[in-house]
Amino acid sequence: MCTSIIYSAGDGYFGRNLDLEMNLGQKVVIMPRNYPLHLKNLSTISHHFAITGMSIIQDNYPLYFDGANEKGLGMAGLNFNGPAHFFSAQEGKVNVASFEIVPYILAQAATVVEAKELLANVNLTNQSFSSTMTNSPLHWLVADKGGAAIVIESTKTGLHVYDNPTGVLTNNPEFPQQMTNLANYRNVSAGEPQNTLAPEIDIPSYSRGIGTSHLPGGMDSESRFIREVFTKAHAPVGTNEDECVSNYFHCLNNVAQPKNLDEVAPGKFEYTLYTDCINLTTGTFYYTTYSNQQINAISLNNIDLNSSELKSFELATQQAIHHQN
């Protein structure tokens, strides 16, 4: 399970929590402009926007979990087991394998509007990367540095692209149902709620934060969606980069999963492997891991973006503690 957001605070900050029960060997991978992007059904894209993101590399091919390009467009794939459905290649369609959709979009689109244009005739196919790597059932959040966001879902009824005014995505159910469910929490407030239960009776509050008492607290995807929409909607805007990045990480920390609280199989627990954040204006990639809460940064612009070779960075997983005495 996962949570992804676009947080607008001057610049746009895009990224996600990756919640899973196993480490996949992910690292930060930069795809420079001249890396040949080979596609299953389409011509190779030889020159494209540079991309940075969290990925594994298989046979010198980046399988991105999430990332952003140098123009300020971000994209993340989140678990969508059940509703997700991919198709065989169809004549007359732009057939893109589901594992290719992140680099396919980020290589060519600079904005959400351009991403929509690319998606207009796309058919997401069920072709696997290899015989040993099956497709993951995913849907995707796409957002640009201006704050616009969409959700991409391929179900049995076809490919759907939804405008996303919340800038938040978790997992099941399908996105329209998540939006409908928001109405059940219209009365949640960061302030002291008005007594509409019995206005003629003096009902004193026994605690601060009563306005948030109806927020769901579970780790399930609907609860995290509601909680993150509320958190992000009330997040402060920093006055500088450090404050904005800190605010962003606080937003996602509110829906992060500690170990041993979400058992997905006997003795196996899902937890937040990493949280990442990409400044969509500067291209700086920030991340923390479960075992290292220090914010680490990698700059897209500190490598040769005209190269044809992937550049990867191992994650800093050793906890860094500042000892003051």
Side-chain angles (χ1 to χ4, degrees), residues 2 4 6 14 16 31 33 35-51 53 55 58 61-130 133-144 146 148-165 167 169 171-179 280:
C2 307
S4 181
I6 173 68
F14 178 85
R16 59 102 59 80
M31 180 194 292
R33 297 169 185 142
Y35 171 86
L37 181 58
H38 301 296
L39 301 168
K40 287 277 190 182
N41 308 292
L42 303 170
S43 300
T44 296
I45 304 176
S46 300
H47 183 75
H48 48 74
F49 300 140
I51 300 169
S55 177
Q58 187 76 19
Y61 189 95
L63 294 166
Y64 279 108
F65 306 155
D66 52 82
N69 64 28
E70 61 183 301
K71 297 297 183 180
L73 185 71
M75 186 168 180
L78 288 77
N79 188 53
F80 194 47
N81 192 25
H85 183 83
F86 307 126
F87 300 84
S88 300
Q90 298 178 17
E91 187 175 350
K93 289 283 191 177
V94 178
N95 293 294
V96 181
S98 62
F99 71 85
E100 299 171 333
I101 190 62
V102 171
Y104 176 79
I105 294 294
L106 295 184
Q108 303 178 90
T111 64
V112 162
V113 170
E114 292 181 9
K116 284 183 175 181
E117 292 172 355
L118 279 177
L119 290 163
N121 195 37
V122 160
N123 171 54
L124 286 183
T125 72
N126 54 15
Q127 296 161 286
S128 299
F129 179 79
S130 69
M133 296 186 70
T134 58
N135 288 336
S136 297
L138 303 175
H139 61 174
W140 296 266
L141 178 67
V142 183
D144 61 32
I150 55 174
V151 172
I152 304 168
E153 293 183 345
S154 182
T155 66
K156 289 183 177 180
T157 58
L159 186 70
H160 304 278
V161 179
Y162 303 107
D163 290 327
N164 183 350
L169 186 65
N171 313 102
N172 301 10
E174 295 175 38
F175 185 69
Q177 186 175 334
Q178 292 276 39
M179 291 296 295
L280 295 177

Identify each donor-acceptor pair in which a side-chain atom of residues 94-101 lies under 3.5 Å from a protein atom, sequence neighbours left out, and give them as a table.
| unit_1 | atom_1 | unit_2 | atom_2 | d |
| --- | --- | --- | --- | --- |
| Asn95 | OD1 | Gln90 | N | 2.9 |
| Asn95 | OD1 | Asn123 | ND2 | 2.9 |
| Asn95 | ND2 | Gln90 | O | 2.9 |
| Asn95 | ND2 | Lys93 | O | 3.4 |
| Glu100 | OE1 | Ala97 | N | 3.0 |
| Glu100 | OE2 | Lys40 | N | 2.6 |

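When side chains are defined from C-beta on, Phe80 counts as touching Thr155, because their heavy atoms get closer than 4.5 Å. Contact annotation: the side chain of Ser4 approaches that of Phe14 to within less than 4.5 Å [non-hydrogen atoms, C-beta and beyond]. A 4.5 Å side-chain heavy-atom check between Tyr35 and Pro62 finds at least one atom pair inside the cut-off. Counting only heavy atoms from C-beta outward, the side chains of Met31 and Leu106 never approach each other to under 4.5 Å. By the 4.5 Å heavy-atom criterion applied to side chains, Trp140 and Ile105 are not counted as neighbours.
In this structure, NE2 on His160 lies 12.5 Å from CD1 on Ile152, to the nearest 0.5 angstrom. The structure places OG of Ser154 at 5.5 Å from CG of Leu159, a figure rounded to the nearest 0.5 Å. Here Leu169 contributes atom CG and Ile6 contributes atom CD1; the two are 13.0 Å apart, rounded to the nearest 0.5 Å. For the atom pair CZ of Phe87 and CG of Leu124, the computed distance is 9.0 Å after rounding to the nearest 0.5 Å. Note that CD of Glu174 is 6.5 Å distant from OG1 of Thr157, once rounded to the nearest 0.5 Å. Expressed to the nearest 0.5 Å, how far CZ of Arg33 lies from CD1 of Ile45 amounts to 16.0 Å.
Electrostatic pairing of Glu114 and Lys71 does not count as a salt bridge here, judged by no charged N lying under 4.0 Å from a carboxylate O.
Taking each heavy atom of Gly74 and Leu280 in turn, the nearest pair found is N-CD2, 4.1 Å. Shortest non-hydrogen contact noted between Pro137 and Phe86 is CA-CE1, 4.4 Å. The shortest non-hydrogen separation linking Asn121 to Gly92 is ND2-O, 2.9 Å. Between Asp163 and Phe175, the shortest heavy-atom distance links the atoms O-CE2, 3.6 Å. Summarising the geometry of Leu63 relative to Phe129, their closest heavy-atom pair is CD2-CD1, 3.9 Å, with the distance given to 0.1 Å.
Not a single donor-acceptor pair under 3.5 Å links the side chain of Arg16 to the backbone N or O of Leu141. Under a 3.5 Å cut-off, the side chain of Asn79 and the backbone N or O of Ser136 do not form any donor-acceptor pair. Not a single donor-acceptor pair under 3.5 Å links the side chain of Asn171 to the backbone N or O of Leu78. With hydrogens and angles ignored, the 3.5 Å screen pairs a side-chain donor or acceptor of Asp144 with a backbone N or O of Val112. Formation of a donor-acceptor pair under 3.5 Å by the His48 side chain with backbone atoms of Tyr104 is not found in this model.
Residues His38 and Thr44 bring a donor and an acceptor atom of their side chains to less than 3.5 Å of each other.
A side chain to side chain contact (heavy atoms under 4.5 Å, CB included) with Tyr162 is found for exactly one of Met179, Glu153, Gln178, namely Glu153.
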